[in-house]
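Keep in mind that the numbers below use all heavy atoms, side chains included, and drop hydrogens, waters and symmetry copies. Everything numeric here is computed off the predicted structure, so don't read it as measured data. We number each residue from 1, following the sequence as shown.
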Amino acid sequence: MENKQKIINIAVIAHVDAGKSTLVDAFLNQSGVFRANEEVIDCVMDSDDIERERGITIYSKNCSIMHQDYKINIVDTPGHADFSSEVERIMKTVDTVILLVDSSEGPMPQTRFVLKKSLEQGLNPILFINKIDKKDSRVDEVVDEVYELFMDLEATDEQLDFPILYGIARQGIAVREPKDIEAIKIEEGAVKIKKSPTGFGGLNVEPLFETIISHCKPYADLREESLQLQVSSLGYDDYIGRLGIGRITKGTIHSSDTVTVANSKGELVKRKINQIFVYIGLNRVPVDKAECGDIVVVSGISDISIGETICGNKIQEPMEMINIEEPTLSMNFIVNKSPFAGKVGKYVTSRHIKERLTKELEVNVGLLVEDTGSTDSFKVSGRGELHLSILIENMRREGYELAVSKPEVILKRDERGRKLEPVEEVVLSVPDAYTGSVISKLNLRKGMMTQMSGDNGYSRLEYLVPTRGLLGYRTEFINDTRGEGTMVRHFNGFEEYKGEISQRINGVAIAQEEGVCTPYAIASIQERVQMFVEPGTVVYGGMIIGMNSRGEDMIVNPCKAKKVSNMRASGTDENVKLSPARKFTLEEALEFISDDELVEVTPADIRLRKKFLTELERRRSGK
């Protein structure tokens with residue numbers, strides 16, 4: 001029998017912006033995946049349009065490299081807490097994880113979450129302290145903080161004995177001791193090194209490859225045993241349909257095999273595999289057979305779902321289903337019924353929206369879709385505002401039109417009947433000058449400070465805040481800190497309901513009728529209102545066009561034209577000076593609206609509107 005290929009599966013896990021995708025770039029560059037003349041983009045694994053625009057990883061993705069005679073499958077994972085369901089699933093498919101920690105930030109809330117999941121699976125992590133060339137790097141302190149984190153999470157002695165490497169992922173450098181990099185540190189005033197994942201100054205990621213191979217034994221040879229493959233994520237191909245992705249735990253799988261699937265209902269059903277793919281570099285390559293240890297993609301099983309096990313026909317050993325944490329936020333997706341509905345979008349009916357949400361459920365495990373009792377509204381629950389807004393943004397780009405309501409937190413009851421709500425751990429870094437303002441705002445939002453420290457003119461604040469209190473706070477935080485503060489949040493758990501939290505205190509300006517905004521009308525309105533529309537914008541009655549400086553809503557007419565007369569007074573016809581209108585991103589719009597308002601999302605525009613467009617309907621609903 002031929003020798004089994006040596007396979008090691010690793011995942012790169014970390015907090016957002018710690019450099020996961022950049023480290024994977026260095027792996028791919030230095031293992032000869034790319035041709036010498038091939039143009040390579042940064043963060044090559046972030047292949048989705050929104051991932052590229054926002055500079056974040058949303059979906060965990062696979063690639064593989066060859067090092068010596070080892071095949072190393074690498075999974076790049078998201079760092080945002082909203083996409084943590086992507087991280088939870090892939091832990092069962094890997095043999096070890098590389099935990100990236102920023103040399104100045106240290107472990108953040110999401111670091112704790114991803115590390116906890118990997119320790120629960122019994123994995124022995126490798127620690128990589130990244131960005132050690134930062135001016136404010138504090139390598140020794142960060143290593144101590146990571147040890148404390150491991151002990152807090154009750155790591156075993158074996159897990160605590162983790163190898164530590166240091167490096168700069170953007171230069172493709174990994175070393176065993178920080179002093180090894182001192183030799184190539186650039187003198188003050190010299191040109192800063194450009195990003196070069198191919199290595200620099202004779203250093204590269206070879207020490208990290210060596211550590212992976214010495215720290216992790218290749219997957220055992222279980223080819224003779226009965227097939228066992230648990231599906232950890234799903235894909236979709238327009239030509240071959242639904243794809244199941246997972247690691248073969250035992251046995252060998254061949255294309256065109258008939259297999260038994262242990263599904264989520266506990267049933268054993270016969271299915272036929274169509275094609276099998278493995279990852280070579282960044283590409284999915286069809287193969288006739290794949291062996292235990294490898295991460296494969298199988299097609300042909302149209303009803304395969306996450307957590308289900310593909311078994312052989314003689315012996316069936318289903319693996320334990322993958323447990324995904326519950327959603328914490330929900331919002332209603334409603335058919336767009338505004339006067340401008342259907343003018344831009346291709347898909348506008350409830351049937352279209354329902355089909356799209358059903359398709360999303362196939363690949364997005366952290367999502368939950370429920371009927372609301374109304375034919376034109378669906379309740380969609382997810383792990384956070386970002387999780388849901390990415391879905392809305394994708395739908396919008398695909399040509400869907402819909403209206404969405406304000407996000408609401410999902411409340412629970414405990415066994416004693418007490419009302420519980422989700423609470424988040426928030427870590428803020430704020431310039432000392434603005435600390436007082438941030439503390440007072442978070443206290444009003446029922447936040448509880450757990451820790452405070454200061455360094456280099458910045459205060460680091462740690463809070464536990466109800467998710468309700470954080471809705472709409474990000475924009476306020478950016479304004480309060482003049483854009484210099486950073487805020488990181490992560491779901492911490494459910495706690496007893498904290499009572500009423502005050503919402504937006506400003507009223508809005510509502511357009512009186514349909515028409516085109518004029519500079520003359522806007523000039524008179526903007527004295528009391530921060531405008532959201534510019535001259536030339538087409539509006540309709542009930543659409544929100546600005547924020548009132550006072551607490552009540554105000555109906556205005558932004559389409560009023562200047563009366564033309566044959567009498568002209570000197571000085572009345574000079575150019576009007578207009579303040580720039582405030583433009584909303586999708587997340588900002590969702591944060592801004594109140595309970596009686598909606599965000600209208602079309603492929604071309606994001607508009608804010610009242611749920612009831614006429615003043616009579618609003619008065620009736622108020623009663």
Side-chain angles (χ1 to χ4, degrees), residues 331-332 334-344 376-377 401-408 471-472 475-476 479 502-565 572 575-586 588-602 604-623:
M331 57 174 79
N332 289 339
I334 306 160
V335 174
N336 187 15
K337 292 178 181 166
S338 87
F340 297 167
K343 289 190 175 179
V344 184
D376 55 7
S377 173
E401 266 191 31
L402 66 157
V404 286
S405 66
K406 183 179 176 62
E408 294 174 2
L471 293 178
T475 312
E476 219 173 298
N479 292 337
S502 60
Q503 294 299 320
R504 189 184 79 209
I505 53 175
N506 294 74
V508 290
I510 306 164
Q512 185 177 351
E513 58 190 41
E514 192 171 323
V516 179
C517 297
T518 65
Y520 171 71
I522 289 177
S524 60
I525 297 169
Q526 73 176 12
E527 293 168 13
R528 296 160 296 171
V529 171
Q530 180 188 14
M531 300 302 294
F532 301 160
V533 294
E534 295 168 332
T537 307
V538 184
V539 298
Y540 54 80
M543 181 171 150
I544 296 169
I545 59 153
M547 182 168 73
N548 192 358
S549 55
R550 298 190 178 178
E552 64 276 354
D553 292 347
M554 177 168 70
I555 296 171
V556 294
N557 183 3
C559 310
K560 190 166 63 176
K562 187 171 184 181
K563 291 279 186 292
V564 178
S565 74
T572 56
N575 290 335
V576 288
K577 289 192 173 73
L578 301 181
S579 304
R582 178 179 171 186
K583 294 291 177 199
F584 284 95
T585 63
L586 182 56
E588 287 167 350
L590 292 170
E591 282 182 358
F592 179 81
I593 57 172
S594 287
D595 296 333
D596 64 335
E597 295 161 3
L598 299 173
V599 179
E600 180 188 344
V601 182
T602 75
D605 299 289
I606 293 170
R607 302 187 189 96
L608 308 182
R609 52 162 283 190
K610 286 289 183 183
K611 271 185 187 170
F612 299 102
L613 296 179
T614 66
E615 193 178 359
L616 185 63
E617 287 176 314
R618 288 196 290 275
R619 279 188 188 159
R620 277 181 186 156
S621 71
K623 283 177 184 173

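Nearest heavy-atom pair across Leu471 and Pro407 is CD1-O, 3.4 Å. Among all heavy-atom pairs drawn from Glu588 and Lys583, the shortest one is OE1-O, 3.6 Å. Taking both residues in full, the closest heavy atoms of Pro519 and Leu578 are given as O-CD2, 3.9 Å, listed atom of the first, atom of the second, then distance. Minimum interatomic distance between Cys517 and Val539 (heavy atoms only, all atoms of both residues): SG-CG1, 3.6 Å. Nearest heavy-atom pair across Pro535 and Ile522 is N-CD1, 3.6 Å. Scanning both residues, Ser338 and Glu600, for their nearest heavy atoms gives OG-OE2, 2.9 Å.
Taking the six-membered ring for Trp and thresholds of 30 and 60 degrees, Phe532 and Phe592 have ring planes more than 60 degrees apart, a perpendicular arrangement.
The 12-atom threshold is exceeded at CZ of Arg582, counting heavy atoms of other residues, nucleotides or ligands nearer than 6.0 Å. Around atom NZ of Lys611, more than 12 heavy atoms belonging to other residues, nucleotides or ligands sit under 6.0 Å away.
The salt bridge (Lys or Arg N to Asp or Glu O under 4.0 Å) test with Asp596 singles out one residue from Arg619, Lys610, Arg618, and that residue is Lys610.
Distance CD1/Ile334 to CG/Leu598: 5.0 Å, rounded to 0.5 Å. The CG atom of Leu608 lies 7.5 Å from the CE atom of Met543; values are rounded to the nearest 0.5 Å. Put simply, CG on Asp553 and CD on Glu615 are 10.0 Å apart, with the number rounded to the nearest 0.5 Å. Atom CD1 of Ile510 and atom CD1 of Ile544 lie 6.5 Å apart (nearest 0.5 Å). Atoms CD and CG, from Glu591 and Leu586 in turn, are 10.5 Å apart once rounded to the nearest 0.5 Å. Taking CD of Glu401 as the reference point, atom CG of Asn336 lies at 5.0 Å (rounded to 0.5 Å).
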| task | Starting from the C-alpha separation in whole Å, work towards a yes-or-no answer on side-chain contact (heavy atoms from CB on, under 4.5 Å) for Val538 and Phe340. | result | CA-CA 10 Å; Val538 184; Phe340 297 167; 3.5 Å; yes
| message | For Val508 and Asn548: C-alpha separation, side-chain torsions, deciding distance, then whether side-chain contact (heavy atoms from CB on, under 4.5 Å) applies. | response | CA-CA 5 Å; Val508 290; Asn548 192 358; 5.9 Å; no
| request: List the steps and the verdict of side-chain contact (heavy atoms from CB on, under 4.5 Å) for Asn506 and Gln530. | output: CA-CA 11 Å; Asn506 294 74; Gln530 180 188 14; over 6 Å; no
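Under the 4.0 Å criterion applied to side-chain N and carboxylate O atoms, Asp376 and Lys337 are assigned as salt-bridge partners.
Not one N or O on the side chain of Glu408 forms a donor-acceptor pair closer than 3.5 Å with the backbone of Asp595. In this structure, Lys560 contributes its side chain and Ala521 its backbone to no donor-acceptor pair below 3.5 Å. Judged by distance alone, the side chain of Arg609 and the main-chain N or O of Gly542 form no donor-acceptor pair under 3.5 Å.
Phe612 has its side chain out of reach of Arg620: every pair of non-hydrogen atoms, C-beta onward, lies at least 4.5 Å apart. For the pair Thr602 and Lys343, the minimum side-chain heavy-atom distance is 4.5 Å or more.
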